[in-house]
Engineer: 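Have a look at the structure that comes next, please.
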Amino acid sequence: MRLNDNNSFIGINPPYQLSVIHSSKLIYPRELYQLGEEIYCEALRHIVEAWEGRPDSLQQVGDLSVPEYLTRWLRESVMNLSPDTYGRYAYDMGRVIIPYFERKRLSLKALTPRDLETFFRYERQQEEATVQQLLDWHRELTDALQYAVDSNWLKANPVKTVDPCLDNSPVLFNDFLMDWLKMMKSRVAITTYANYEIVITRRR
């Protein structure tokens with residue numbers, strides 16, 4: 001239905017009146033058209049209010065921690081992935097990737113290829129991850145971080161240059177100390193380990 005040059009609806013001769021349910025007010029077709037616009041705008045206003053505070057700018061999303069971002073990405077990807085794929089991604093993220101980065105306290109914008117190389121090295125050397133697991137986690141991180149790039153929240157995908165099965169960087173001294181400390185946990189007395197832990201964690 002549309003208006004003609006005389007501002008009346010084509011095919012309808014005014015005054016054609018429509019009653020509003022639960023109201024005695026009578027509305028002409030043009031007024032009904034305007035009411036429709038008002039309802040549409042009101043609906044948009046509610047949508048905007050519902051999204052207020054949602055971090056969608058580059059700065060706001062970049063300030064999310066890596067675990068917060070990955071959790072958000074999983075939530076928003078549920079309709080774009082098959083149930084099997086989503087289940088596998090959610091399992092790996094929740095069991096391996098998110099817990100690791102919760103200990104690192106990195107924001108999304110601070111995440112670098114070096115951080116991701118350290119993650120894969122830790123999983124290879126300390127958790128004895130298989131090649132297939134490393135490749136799976138690399139693919140899942142690639143998809144998650146590419147979403148941030150496509151949404152203009154990141155300028156580049158930091159995991160794309162990382163080979164999950166190969167050491168591309170020297171081991172950082174802090175990482176070495178933490179790896180050594182974990183190894184010592186099962187090799188020395190509890191009191192000795194506690195002293196090691198105090199010294200190393202305070203140093204960091």
Engineer: What are the two closest non-hydrogen atoms of Thr85 and Ser82, and how far apart are they?
Structural biologist: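 Answer, listing the atom of Thr85 first, then Ser82: OG1-OG, 2.9 Å.
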Engineer: Given the rule in the side-chain hydrogen bond (donor to acceptor under 3.5 Å, both in side chains) test, do Ser77 and Asn80 qualify, once you have shown the distances and angles that lead to the verdict?
Structural biologist: CA-CA 5 Å; Ser77 298; Asn80 300 322; 5.1 Å; no
Engineer: Please report the C-alpha distance between Ser65 and Glu68 in whole Å, then the side-chain angles of each, then the deciding distance to 0.1 Å, and finally whether the side-chain hydrogen bond (donor to acceptor under 3.5 Å, both in side chains) criterion is met.
Structural biologist: CA-CA 5 Å; Ser65 69; Glu68 287 173 336; 3.3 Å; yes
Engineer: For a quick test of reading the model, state the closest non-hydrogen atom pair linking Thr142 to Asn157 and the distance between them.
Structural biologist: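 Smallest interatomic distance, heavy atoms only, reads O-ND2, 3.2 Å.
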Engineer: Within the structure provided, determine whether Lys104 and Val66 are in side-chain contact (heavy-atom separation under 4.5 Å).
Structural biologist: no
Engineer: Would you list the pairs meeting salt bridge (Lys or Arg N to Asp or Glu O under 4.0 Å) in which at least one residue belongs to residues 130-153, sequence neighbours left out?
Structural biologist: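 Qualifying pairs: Asp136-Arg139.
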Engineer: Running the 4.5 Å side-chain criterion over Ile, Leu, Val, Met, Phe, Trp and Tyr, what cluster does Val131 land in, apart from itself?
Structural biologist: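 Cluster partners of Val131: Leu135.
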Engineer: Test of understanding: with side-chain hydrogen bond (donor to acceptor under 3.5 Å, both in side chains), list the residues that count as partners of Thr192, not counting sequence neighbours.
Structural biologist: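 So Thr192 forms no side-chain hydrogen bond (donor to acceptor under 3.5 Å, both in side chains) with any residue.
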Engineer: Does any part of the side chain of Phe119, heavy atoms only, come nearer than 4.5 Å to the side chain of Val96, both counted from C-beta?
Structural biologist: yes
Engineer: What is the minimum heavy-atom distance between Gln133 and Thr130, and which atoms define it?
Structural biologist: OE1-N, 2.9 Å
Engineer: Ignoring hydrogens, what is the shortest heavy-atom contact between Leu181 and Tyr193? Give both atom names and the distance.
Structural biologist: O-CE1, 3.1 Å
Engineer: Using side chain to side chain contact (heavy atoms under 4.5 Å, CB included) as the criterion, list what pairs up with Ala90, not counting sequence neighbours.
Structural biologist: Leu74, Tyr86
Engineer: Suppose we screen for side-chain hydrogen bond (donor to acceptor under 3.5 Å, both in side chains). Which residues come up paired with Tyr91, at least two apart in sequence or across chains?
Structural biologist: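 Partners of Tyr91 under the side-chain hydrogen bond (donor to acceptor under 3.5 Å, both in side chains) test: Arg95.
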Engineer: If I take atom CG from residue Leu70 and atom CD1 from residue Ile97, how far apart are they, to the nearest 0.5 angstrom?
Structural biologist: 7.0 Å
Engineer: For a salt bridge (charged side-chain N to carboxylate O under 4.0 Å, His left out) check, start with the C-alpha distance between Glu128 and Arg124, then their side-chain angles and the critical distance, and finish with the verdict.
Structural biologist: CA-CA 5 Å; Glu128 299 182 348; Arg124 284 195 309 271; over 6 Å; no
Engineer: List for me each residue that meets ring-ring contact (aromatic ring centres under 6.0 Å, His included) alongside Tyr122, sequence neighbours excluded, and say none if there are none.
Structural biologist: Tyr100
Engineer: Step through it carefully: locate the ring centre of Tyr147, locate the ring centre of Trp153, and say whether they are under 6.0 Å apart.
Structural biologist: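 When the ring centroids of Tyr147 and Trp153 are compared, they turn out to be within the sub-6.0 Å range.
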